[in-house]
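Model, not experiment: these values are computed from the prediction. Naming: A, B, ... by sequence-line order, numbering from 1 per chain.
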Amino acid sequence: MERYNPKVIEPKWQQIWEDQKAFVAVDDSSKQKFYISCMFPYPSGVGMHVGHAFEHFIVDAIARFHRQHGENVLNPMGWDSFGLPAENYAIKTGTAPSLTTKTNIANFKKQLAILGVGIDWTRELNTSDPEYYKWTQWIFTKFFERGLAYQKESLQWWCPVDKTVLANEQVEGGHCWRCGSVVEKKSMKQWFFKITDYADDLLNDIEDLDWPQKIKTAQTNWIGKSQGAEIEFKLEGSDESITVFSTRPDTIFGATFLVLAPEHELSKTLAVGDFKEFTESYIKTAVKKSEIERTNDTKEKTGVFTGSYAINPVSNEKVPVWVADYVLGGYGTGAVMGVPAHDERDFAFAEKYNLPIIQVVQPETGKPQENPEYRKSIVAIVRDPKTNKYLSINWGADLGGNLFVGGGREENEDIVETAIREIAEETGYTNIQLISKTDTIHHNYFAHSKNVARRIEANALLFELIDDTKINTALEANEQGKFTVEWLSEKEIVAKVRDELHATSFDLLVGGKIYHGEGILVNSGEFDGMPSSEAREKIVDWLTEKKLGHTQTTYKMRDWLISRQRYWGAPIPIIHCAEHGAVAVPEKDLPVVLPEIEDYAPKGDGKSALARATDWVNTTCPECGGPALRETDTMDGYACSSWYLLRYADPNNTENAWSREKVDYWSPVNYYVGGDHAVAHLLYVRFWTHVFYDMGLVGFKEPVKKLIYHGLIGAEDGRKMSKSLGNTVDPIDIINQGYGTDALRTYELFMGPIEIDADWSSKGIAGSYRFLNRVWTLSQEYINSNDKSVTKNDNAIRVAQHKTIRKVTDNFRRLSFNTAISALMEYVNDLYKFKVDGFSDEGWHEALVTLVQLIAPFAPHISDELWSQLGGEGLVQNAQWPVWDEALIIEETITIAVQVNGKLRGEISIGKDEAEADVKAKALAHENVVKFLTGEPKKVIYVAGRLVSIVA
RNA sequence: GGGCGAGUGGCGGAAUCGGUAGACGCGCUAGACUCAAAAUCUGGUUCUAGCAAUAGAGUGGGGGUUCAAGUCCCCCCUCGCCCACCA
């Protein structure tokens, strides 16, 4: 009998698949298509580790599953080959990036073949191939025509090591995403794609995507839509004005200063007299500061007064204009109104620089009720400075839990006196001193005891205990014995005091919190007494009428900066003419081919090495034929990857980027599989497709129907798997150790749910190998058996077989590969038990053929081998996936549990159609159940086919 | 600070609807085969007590709903990830 030897059967079947073109997808619109793709890889020099392989295994298993269902499956592959590593390697060694890329791709292809991944190589694409980037450039010129690609001088992130600008998405915590060095700001003329034009569109369509919620949330937050108003503040003694953006125009009467970002254009010009020098030097250092420095200093705000004043448009008060780096240049208008009473940042700034603080919103808690009864009251918080604990009254869970001392106040009664009286009456403490108190807090609630809605005006007061002198408490009749007095720590208070009014009181007096919620306007002229939400609209209406403001929607997302001062990318197809400015290269002259050069290193002059290829740079203007210069910046690699999913549908089209017919057949992608990129790539690819839709190039807006976001495989040491840590595992090594790729694939898909991170285990793979070995041995024993006459277990085998088909199919559909594989292991374990009685031709052949078909998505080589040994026609993937028969799964007798008072006390065996009364009687008669019953059971519950629950 | 997610044996994990918690695999362990080892096969393996039948405890902690809770509700703790001065 032959032993299971993956080293023989795996190459054998890989060759057969290749010879038969088993994975070539044919453009046949009469068939149901299924398009799946991983996020195409960057072909790095070090090849793939088992973590990368994992992604391909997921894709391949799903692709094979769908082929087995007779669908027309497209699983393509391509190379995201532009980028820094190849260029940096070229700078170091002088080897052209095009050459290293070629070598690396060959290596990746070899690895994928050995892994047994079924790819349609006739559709292979490569972003650094001129045949591909010709169309990337063509798309650029179309965007340029539509005003979606534009050039602008602006401050940009600059990586001093890689000597290039970076997109916002490529700056991670103030560091370059590639080399990790601290990024700087630099002002340069740059190319942008106007993604902000599509902000609303992209935001609205997120909801309907079948994508993981965390990715959808990340994109929503990234787009960061917020609604508010732009408000104009006139500068004193000048025609100029400053426009601020605020989401809280209702607080404008509390705006006691303005703050400009250091990058704001007025920052430099506004400073007057003695303030000029300070302001200029502040701006200089602030702009130079790295992002980390600026975000690290969150506690300590800095800024300078410009010496200029503006006029608050509603109050006509003079407010000073400051420059401070806590205001961001790139968001909103780069200027804000400082409302220290209702914004934590403005408050911190105002405190430091002694700016006036005017409260304009009185807090309101609880939900307003209809026809409330009006009352006045106090909330009194007492702190014991010796223990740092707070006096609390515990009313018990039914009466509201922990509160502070509180009580009603008569119309003319003094607030402080009321509080002191209530403290003495309820707790007995008398020797206290007032520390601080709040303004009015409005509170709405329903007094269930009196069955009345109430709206109260409360004041909260904070006292300190001088000593614990106490008098007898003087409780009202309805309070006696209802509560206990407790001293609680700050932490306990936060945890236990649930009442909104009392919790807010504590936050304001002790927590030092600034109230930024909704409430009732005060100190706001004609708007006094209005709820803040209503005032928000009324004030903007008023400003609009006076032409001093208007509603405004703002996004956190900025336009996508795409120019890179690097060599190894797609050249931006633009020619600069002295007369005609920036002119797009006409379609007939595309592609603008990247010239071969000697020295790839950027020199830090803000230009790519391309700028030194003078023969290439000097050209003629397409408009006038006069001398002109080529754009020397190249495109961000994300541009290349924003349309490749469409190109796969029509990869060899030399006339167009794609034909709409083919793209509309294959697209959108049914499953897009990846474990990287939450925002950047996945937002850009959506953006481009939306634009293509508007251009009439595609018939859909969203390129990816379902996104499968898998977890990452960590190293055995629990750390991230990376070449620099020296803990990577090469899948080819594992295969060569004798396990084979089938065992590797099965193991990686068995480790856990695909969306969960998991660490590699060198021992775990042995278990998967053992499983496949058992499958092999069982099949060989069946095939070589001389006596196949035993029919004893045929029925039981059939039950196991159909149960397994059902479970594997169900689990596969919800991409629960680990449980699908465990069901197959159980099935094999069952067959081993049946085996001891011998084999039958009928039951066993069917059982083994089914097994081979079910393991095929995971372990395709062994299954094709056994399929052919068992007499199957062609390849497993072309045979129809087995179907289970529900009728065969029903067993004649089943075992169910019997519980007494919720505890398992025994098991009984019942027939499949046994009547409920009989089952209950059987349960009650069970020996062990009788022991736990004292007399008649109160209740007997039968859950069909599962258990009997007896209440004693 | 904000958002999202997760806590189940020695380990990875299972339990799709509230219905026998720990499937399946790893590891460990006993046995069979072997001169021996590897490989393979068979059994055991949540914890505590007991020779055993069995009993008690048990899904991060506390409370609740229910005949029945890993699963539902309330509170707390811990860990992970992402975003983070966005006015």
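- As judged by a 4.0 angstrom heavy-atom cut-off over every strand, V951(A) is placed among residues touching the sugar-phosphate backbone only.
- Between K939(A) and rC67(B) there is a side-chain polar atom (N or O) within less than 4.0 angstrom of OP1 or OP2.
- If you check every strand for non-hydrogen atoms under 4.0 Å, K903(A) touches sugar and phosphate atoms only.
- No donor-acceptor contact under 3.5 Å links the side chain of K214(A) to the base of rC81(B).
- Between the side chains of T243(A) and E232(A), no donor-acceptor pair of N or O atoms lies under 3.5 Å.
- R770(A) has no side-chain polar atom (N or O) that falls below the 4.0 Å cut-off from OP1 or OP2 of rC41(B).
- Using modelled atom types and a 3.5 Å distance limit, the side chains of E486(A) and N402(A) yield a donor-acceptor pair.
- Note on R905(A): every side-chain N or O is 4.0 Å or more away from OP1 and OP2 of rU54(B).
- The residue I896(A) sits apart from the nucleic acid: no heavy atom pair falls under 4.0 Å.
- Partner Y747(A) forms a ring-ring contact (aromatic ring centres under 6.0 Å, His included) with one of W760(A), F858(A), F54(A), F771(A) and no other, that one being W760(A).
- When heavy atoms are screened at a 4.0 angstrom cut-off, D759(A) is found touching no nucleic acid atom at all.
- Base pairing of rG56(B) is made with rC47(B), judged by Watson-Crick or G-U wobble geometry with both donor-acceptor distances under 3.5 Å.
- V50(A) and I713(A) make their closest contact through O-CD1, 4.2 Å (heavy atoms, listed as atom of the first residue, atom of the second, distance).
- Counting non-hydrogen atoms under 4.0 angstrom, E907(A) reaches a base of the nucleic acid.
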